[in-house]
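Quantities reported herein were computed from a predicted structural model and do not represent experimental measurements. Heavy-atom basis, side chains included; hydrogens, waters and symmetry copies ignored.
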2 protein chains.
Amino acid sequence: MFESAEIGHKLGKEEYRKREPELRSALLDAQYELLEKGKGPVIILVNGVDGAGKGETVNLFNEWMDPRHIRTEAFGPLNDEERRRPEMWRFWQALPAKGRIGILFGSWYTDPILAHVMGNEKKARFAARLERIRQFERMLVAEGAVLVKMWFHLSKEASRKRMKELRADPKTAWRVPKEELKRADHYDEFVQVCEEALRKTSTGIAPWLVVEASDPEYRALTAGNYLLEALKTAVDEKARPSVNAVPLPPVAIDGRTLLGSYDYKRALTKKKYESELETLQARLALLCRSPQMAERTLIVAFEGMDAAGKGSTIRRITHALDARHYRIIPVAAPSDEERAHPYLWRFWRHIPPHGRTVIFDRTWYGRVLVERVEKFCAEEDWMRAYDEINGFEEQLSQSGAILVKFWLSITPQEQLRRFEERKNTPHKNFKITEEDWRNRKKWPLYERAVGDMIDRTSTEIAPWHVVASDDKLFSRIEVVRTLCERLEAAFGTAGKPGKADKAGKDKAEKDKAGKK
Amino acid sequence: MFESAEIGHKLGKEEYRKREPELRSALLDAQYELLEKGKGPVIILVNGVDGAGKGETVNLFNEWMDPRHIRTEAFGPLNDEERRRPEMWRFWQALPAKGRIGILFGSWYTDPILAHVMGNEKKARFAARLERIRQFERMLVAEGAVLVKMWFHLSKEASRKRMKELRADPKTAWRVPKEELKRADHYDEFVQVCEEALRKTSTGIAPWLVVEASDPEYRALTAGNYLLEALKTAVDEKARPSVNAVPLPPVAIDGRTLLGSYDYKRALTKKKYESELETLQARLALLCRSPQMAERTLIVAFEGMDAAGKGSTIRRITHALDARHYRIIPVAAPSDEERAHPYLWRFWRHIPPHGRTVIFDRTWYGRVLVERVEKFCAEEDWMRAYDEINGFEEQLSQSGAILVKFWLSITPQEQLRRFEERKNTPHKNFKITEEDWRNRKKWPLYERAVGDMIDRTSTEIAPWHVVASDDKLFSRIEVVRTLCERLEAAFGTAGKPGKADKAGKDKAEKDKAGKK
């Protein structure tokens with residue numbers, strides 16, 4: 001990977017002076033075109049060995065172009081806010097909007113590489129983190145981003161020489177902190193790990209560019225030219241990577257659907273409901289106040305057709321919680337800032353730190369439900385979403401989140417009954433709009449989408465809990481009980497000790513048992 | 001203040017059961033009306049003595065209404081992100097958008113009161129913090145917010161009794177942490193300080209409601225009824241507080257203007273410019289890397305007519321900085337999320353922590369410039385903005401920010417020349433739009449607005465630096481030099497040791513000396 005970057009590339013100062021103004025003006029034009037067309041964003045990752053001129057290059061980019069539309073972020077050690085969330089959270093917060101250029105100094109590669117070099121993380125964990133990065137970058141590119149991944153390289157000898165020079169001069173000695181000196185002793189291991197990281201993440205859609213860094217003029221012009229190409233790619237209409245996904249098969253030939261297979265007749269009497277609810281809410285209240293929550297985050301996701309009872313169910317849950325520790329996120333149409341970012345960005349914004357609970361009233365699954373049915377995004381976009389969502393949920397889970405997803409399932413007949421009831425109840429009729437009637441007509445399309453969603457995203461760590469909800473009382477009890485069971489499983493206080501995964505799967509199995 | 005809240009108010013359980021369902025339904029209706037009309041927000045502050053049922057009340061509000069549109073925030077000790085910014089920053093981040101209800105548990109009152117009770121802050125500082133709160137609340141109300149300030153009170157005796165009960169029961173003992181026990185010993189001092197705080201901040205537009213808290217039914221219904229009134233007020237079109245501001249006097253009778261009084265003939269040769277710029281940039285680079293920056297934030301604000309040279313000047317500054325430590329915020333039309341909050345919210349979002357630099361290309365002064373001239377807001381709105389902005393800048397300064405504000409001043413003749421030049425230069429003509437020509441026609445209105453702005457917001461801690469900018473070279477040098485001088489003054493490394501304030505004022509005086 002680094003062979004060509006140790007041959008002593010060099011550019012004369014004369015040559016540089018000749019070519020730099022032209023490059024600079026082309027970069028500025030390309031930047032403005034990106035901005036005007038609202039394409040991209042262009043995300044530049046600046047990585048490489050210590051002393052290889054990474055900082056200089058970043059400053060040069062800001063000088064060459066209009067820095068007002070560039071967002072440079074340097075990532076250091078985690079702060080309090082970051083430590084209590086999934087590791088990718090801070091990168092999501094730093095993603096530039098469409099039209100903009102983001103420069104990430106110390107990117108999502110830094111920590112995996114260092115942790116592996118320093119021996120804190122073994123091979124398997126390293127490989128898993130690289131795989132996550134590949135997924136993440138695939139998603140970014142599919143969302144229109146252009147990734148510019150630059151690696152600034154110095155051979156062992158050049159690296160030593162550079163470090164010596166910096167330390168000799170009192171004006172620059174501060175630039176070589178102790179950790180860097182320590183890292184220098186590990187040059188060989190470091191480069192070996194980097195090489196592996198680069199090889200495994202240099203994909204067709206987001207390849208690495210390795211730049212030999214010892215000659216400042218060669219380095220600057222090589223990096224600048226590559227960036228120019230990236231800016232041009234971002235605004236080129238034809239450049240979107242083609243996707244050749246095979247369309248999903250049509251409906252099952254026997255006409256049966258997953259949602260149709262549940263038993264909607266199950267119901268509870270008011271009396272039974274009230275006594276069960278009280279017991280369950282007390283159980284939930286205790287669980288949520290468990291000391292174990294200090295290291296966990298509870299994320300509850302609700303989906304369901306219109307009038308499935310999401311709002312009223314949520315209120316039965318929050319009744320048991322302390323308002324200071326939860327937040328409910330009602331998900332409606334995205335704001336304009338949200339629209340300028342990848343679709344998962346608006347959910348990452350709301351991921352709470354450990355100890356907190358967040359309840360989503362509609363979720364990231366909008367991508368594969370309403371956006372699919374209403375054709376707000378292309379088929380390849382919602383097709384890739386299954387995988388992206390599974391990756392997202394895996395990250396949540398790995399950072400300690402207990403993720404509980406409910407599909408409140410009602411029959412079309414019950415929905416009609418509720419619509420009519422709402423229409424005829426004065427203080428409820430604002431809850432029913434023209435759009436609800438329009439959506440209702442698309443029931444079969446939605447049903448199809450829900451089936452695909454459950455098939456593809458009901459995982460061990462985050463199974464879907466499908467709750468037959470024609471009877472509201474039965475449905476609410478099911479939801480609160482499931483929540484208690486998932487928490488107990490996660491805390492290891494369920495009947496048998498075990499991981500959340502296991503218990504989650506058991507629960508999902510039980511759901512299936514409830515089918516008619 | 002607490003007299004009526006120690007008389008033993010009580011409501012029978014019977015009475016409560018009768019009135020609660022009605023209140024609940026009215027609250028829910030009022031909440032939805034708020035949401036549909038996009039009014040408010042309604043911001044509820046929940047304060048009071050320990051053990052007075054604050055948490056219970058918050059939970060009750062969430063139960064009575066639709067919790068999906070309520071944002072409850074509990075504020076504890078500062079985390080690292082918060083500690084490095086002005087104290088009000090975290091409250092700005094938690095402000096609910098229009099249509100929403102925000103419940104703040106532990107509000108902007110908590111810290112001033114505790115700091116004063118515990119003797120960490122003296123009377124004068126306490127008074128200053130209360131005055132800041134009054135300003136802040138005045139602004140919120142003027143922006144459409146309705147403040148519900150509730151104080152839950154227990155007499156000394158009732159408070160002791162309550163604490164004892166909680167501690168006696170193992171199930172609730174955890175709710176009385178050590179700090180609370182310590183505070184209980186200081187009941188008298190605590191209540192005395194609270195009384196003063198309440199008295200001084202119980203204004204006509206945002207009064208306090210003191211609720212006797214010993215009887216849960218009385219407490220709940222009193223708080224609920226008051227909240228209902230607040231929700232009704234928020235959607236009442238006629239309820240906006242009337243403003244009787246005297247209109248500003250017309251133009252000066254001698255026809256002279258502040259901007260017209262500067263000398264626009266000053267210029268530099270290219271050679272002199274280049275040598276001075278290099279020296280100044282080196283000086284700036286060193287200053288920005290000073291260890292003293294660890295406790296400071298540099299905020300540079302640029303305003304000026306179209307084509308005044310803001311962008312190119314900013315690039316001369318950033319050339320000296322490290323891209324990892326600054327961010328440029330180009331300010332254009334607000335996003336929809338920004339529009340749903342008070343106008344300063346969009347700037348609070350970008351206030352960086354200590355050690356960082358942020359450069360605003362157009363600023364919060366848009367409120368008193370474009371919004372005034374284009375009548376995007378009412379006269380009373382921009383009139384109050386001067387005071388609000390001064391308060392905002394004072395907070396920045398108190399948290400360690402060095403705030404440097406530039407007005408790049410050009411003559412109408414020079415603007416015309418630059419417009420024509422842009423029109424005729426291919427890669428610059430995107431920079432000139434119809435709107436620029438439209439704005440130009442309103443020159444006298446803008447000039448008037450700029451004069452008022454400088455008169456009213458050039459303060460000791462944040463003076464305006466008006467730079468005659470018809471000659472771009474002269475202007476850039478002036479800006480970079482001023483920046484260096486302000487930093488040196490702040491760091492106490494200028495000729496005479498002294499506070500930033502003093503030096504800032506000296507500099508502002510020098511500007512005036514530059515007038516013809």
J.: For chain A, which of Asn62(B), Thr72(B), Asp80(B), Asp66(B) has the most heavy-atom pairs under 4.5 Å?
T.: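 Maximum pair count with chain A is reached by Asp80(B).
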J.: Need one label for Asp322(A): side chain, backbone, both or neither, based on atoms under 4.5 Å from any heavy atom in chain B.
T.: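 Its backbone and side chain both get close to chain B.
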J.: Do the charged groups of Arg349(B) and Glu337(A) touch, with an N to O distance under 4.0 Å?
T.: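 Looking at Arg349(B) and Glu337(A), the cut-off is met.
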J.: Where do Arg68(B) and Ile328(A) come nearest, in terms of heavy atoms and distance?
T.: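 Closest approach of Arg68(B) to Ile328(A): CG-CG2, 3.3 Å.
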J.: Below 4.5 Å, heavy-atom pairs only: which of Leu60(A), Asp361(A), Leu321(A) has the largest tally toward chain B?
T.: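 Ranked by contacts with chain B, first place is Asp361(A).
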J.: Which bit of Arg327(B) is near chain A, if near means a heavy-atom gap under 4.5 Å: side chain, backbone, both or neither?
T.: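 For Arg327(B), the side chain is the part near chain A, not the backbone.
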J.: Considering only heavy atoms, which portion of Glu63(A) lies under 4.5 Å from any heavy atom of chain B: side chain, backbone, both, or neither?
T.: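 Both parts, backbone and side chain.
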J.: Taking side chain as everything from C-beta outward and backbone as N, CA, C, O, which of these in Ile329(B) sits under 4.5 Å from a heavy atom of chain A? Side chain, backbone, both or neither.
T.: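 Neither part.
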J.: Work out which heavy atom in Arg315(B) is nearest to a heavy atom in Trp64(A); give both atom names and the distance.
T.: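 For Arg315(B) versus Trp64(A), the nearest heavy atoms are NH2-O, 3.5 Å.
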J.: I need the minimum non-hydrogen distance between Ala323(B) and Val58(A), along with the two atoms involved.
T.: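 Distance-wise, the nearest heavy atoms are CB-CG1, 3.5 Å.
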J.: How would you list, in number order, the residues of residues 94-102 of chain B that have a heavy atom less than 4.5 Å from chain A?
T.: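 Residues of residues 94-102 of chain B touching chain A at under 4.5 Å: Arg100(B).
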J.: Do you know the tightest heavy-atom contact between Pro67(A) and Thr318(B)?
T.: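 Where Pro67(A) meets Thr318(B) most closely, the heavy atoms are CG-OG1, 3.9 Å.
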J.: If you compare all heavy atoms of Arg324(B) against all heavy atoms of Gly55(A), which two are closest, and at what distance to 0.1 Å?
T.: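 Where Arg324(B) meets Gly55(A) most closely, the heavy atoms are NH2-CA, 3.8 Å.
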J.: Please check: side-chain N/O of Asp336(B) versus main-chain N/O of Ser335(A), any donor-acceptor pairing under 3.5 Å?
T.: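 No.
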J.: What part of Ile359(A) is in contact with chain B, defined as an atom under 4.5 angstrom from a non-hydrogen atom: side chain, backbone, both or neither?
T.: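 Neither part; nothing is under 4.5 Å.
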J.: Below 4.5 Å from any heavy atom of chain A, which atoms of Arg71(B) appear? Answer side chain, backbone, both or neither.
T.: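 The side chain, not the backbone.
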